[in-house]
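Data block below; observations after.
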Amino acid sequence: MSKAFRKDQIMLAQAVHNHYRCPEEFLDFRLNEGISPDPGYFQFGPGVTCFGRSLKSALKAQVQYPLSDVLPNVLVDGKQLVLPFDPDEVIDNLRLERYNSVQLRRHEYAFKKIYYWLRPFTNRSLRSFIQKLRAANWQKRQFPHWPVDTTVESICENLLLLSLRVSGADRIPFIWFWPNGARGCVSMTHDVETVAGRDFCTQLIDIDDSYGIKASFQIVPEERYPVTPEFLGRLRDRGFEVCVQDLNHDGRLFDERKEFLRRVALINRYGQEYGAKGYRSAALYRKAEWYGDFDFSFDMSFGNVVPLDPQRGGCCTVMPYFIGDILELPVTTIQDYTLFYVLNDHTIDLWKRQIGMILAKNGLTSFIVHPDYITEDKEQAVYKDLLAMLTELRKRESLWFALPGEIDSWWRERSRMSIVKDGNSWRVIGDGAERAVLAFARMVNGQLIYEQADAPQEGDSGVSSVLREESIAAGL
Ligand SMILES: [Zn+2]
């Protein structure tokens with residue numbers, strides 16, 4: 001066929017291809033020519049809510065269930081799948097939160113103005129009361145899915161299942177998501193908000209270390225507290241990572257383009273000064289369209305599903321993804337502040353539920369715990385419960401506990417690796433491939449399962465069955 005056609009085919013499969021890093025020949029897609037020029041909501045399989053262009057008859061302007069499911073509209077042309085939507089477009093709409101309606105954005109803006117106007121004058125309990133008022137009915141919202149949304153993973157899985165069906169292949173090789181075949185990844189991060197938080201960091205390092213866990217600290221460079229090279233050095237000397245958090249934490253970074261450019265230049269300069277690879281905005285404010293101006297390797301300002309945060313939404317994935325050249329490491333669990341002061345919950349039950357759901361998709365479990373909010377015994381006990389539970393989990397499951405900077409390095413390496421034919425089987429090649437594990441996706445009873453080849457040269461005999469059961473949550 002023509003060159004243009006080849007180009008379409010590759011573009012259409014890119015997000016799915018990057019998710020699995022499988023040989024491109026297994027992802028043969030073409031876009032149905034009858035799709036509408038305007039976007040809307042639809043489903044791709046049960047419970048998989050999508051936003052983008054698709055068949056006009058299937059689209060709704062609002063998330064109103066039931067949505068039309070376009071899965072039965074996938075056509076087969078020889079060994080090629082004719083899709084009723086562009087997976088790259090829909091996955092981008094989710095990851096970059098382009099599904100948020102204009103109305104919601106206006107609402108956010110009004111709320112933010114009130115919140116930040118009140119903030120200097122109010123104490124924590126009044127602020128959390130305001131957040132609760134605003135959060136009323138949040139649990140009725142079905143999209144993004146609370147308490148973890150894995151829509152992007154589900155889209156990729158459904159497309160791989162369809163590919164298995166039409167290709168006639170009994171398995172599709174891919175590069176396992178984490179180094180050395182780890183089932184999932186766990187990352188702890190601490191945002192330092194105030195002088196009290198900064199002064200608690202030394203103690204927090206001791207607490208983390210006593211559970212064998214290292215973390216990254218996100219430091220606010222201006223106005224909040226003095227930052228000395230000695231302080232940053234102390235964190236690093238103990239094996240912890242330093243990242244930049246916002247500029248002055250006033251919540252206005254993305255309000256206005258010209259002021260943003262002034263601030264981002266300073267933020268980038270602090271990044272260099274601190275030797276930091278990573279960045280996070282105050283209160284998880286974010287604007288993907290402006291990320292090209294950041295001079296960082298990775299960002300951690302997108303939440304997986306954040307109905308209770310000042311900027312609502314969610315990137316609907318538990319995997320890292322690229323926003324231009326920046327790698328996004330999404331925050332996939334509830335923040336300590338929201339748990340303690342908005343939900344009034346002093347247990348680790350919700351965190352356990354989230355870990356179970358994330359691991360069921362072999363994803364990244366990432367936490368934000370502020371030194372500022374765990375200085376008191378009651379909250380500190382909850383945090384120690386979390387660390388103890390993670391330590392237990394680590395004994396039973398092969399999990400990769402990693403600093404954000406290490407995850408960034410791995411994901412970048414993996415994104416440049418590829419799979420080549422090697423006799424009867426396949427082999428992973430590229431820098432860092434010695435840590436990579438070859439895996440296979442297969443269909444068993446209509447379900448997608450993943451297997452790892454723990455000894456690639458032995459082919460089938462070395463395949464160990466892995467981990468798709470949701471029951472891990474029960475074992476927590
Ligand atoms: Zn903060």
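For the single chain, residues carry numbers from 1 onward in sequence order. Ligands are counted one by one from 1 in listed order, and the atoms in each one are counted from 1 as well.
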Assess Asp191: does it contribute an N, O or S atom lying under 2.8 Å from the Zn ion (ligand 1)?
no
Can you check the angle at the Zn ion (ligand 1) formed by OE2 of Glu193 and OE1 of Gln245? Round it to the nearest 10°.
90°
In terms of relative ring orientation, are Tyr383 and His190 parallel, tilted or perpendicular, with 30° and 60° separating the classes?
perpendicular
Would you check if Thr202 and Arg234 make a side-chain contact, meaning some heavy-atom pair closer than 4.5 Å?
yes
Shortest non-hydrogen contact from Lys361 to Ser154?
NZ-OG, 3.7 Å
Aromatic rings Trp176 and Tyr450: how do their planes relate, parallel, tilted or perpendicular, breaks at 30° and 60°?
perpendicular
So, Gln218 and the Zn ion (ligand 1): N/O/S under 2.8 Å, yes or no?
no
N, O or S atom within His249 nearest to the Zn ion (ligand 1), by name:
NE2
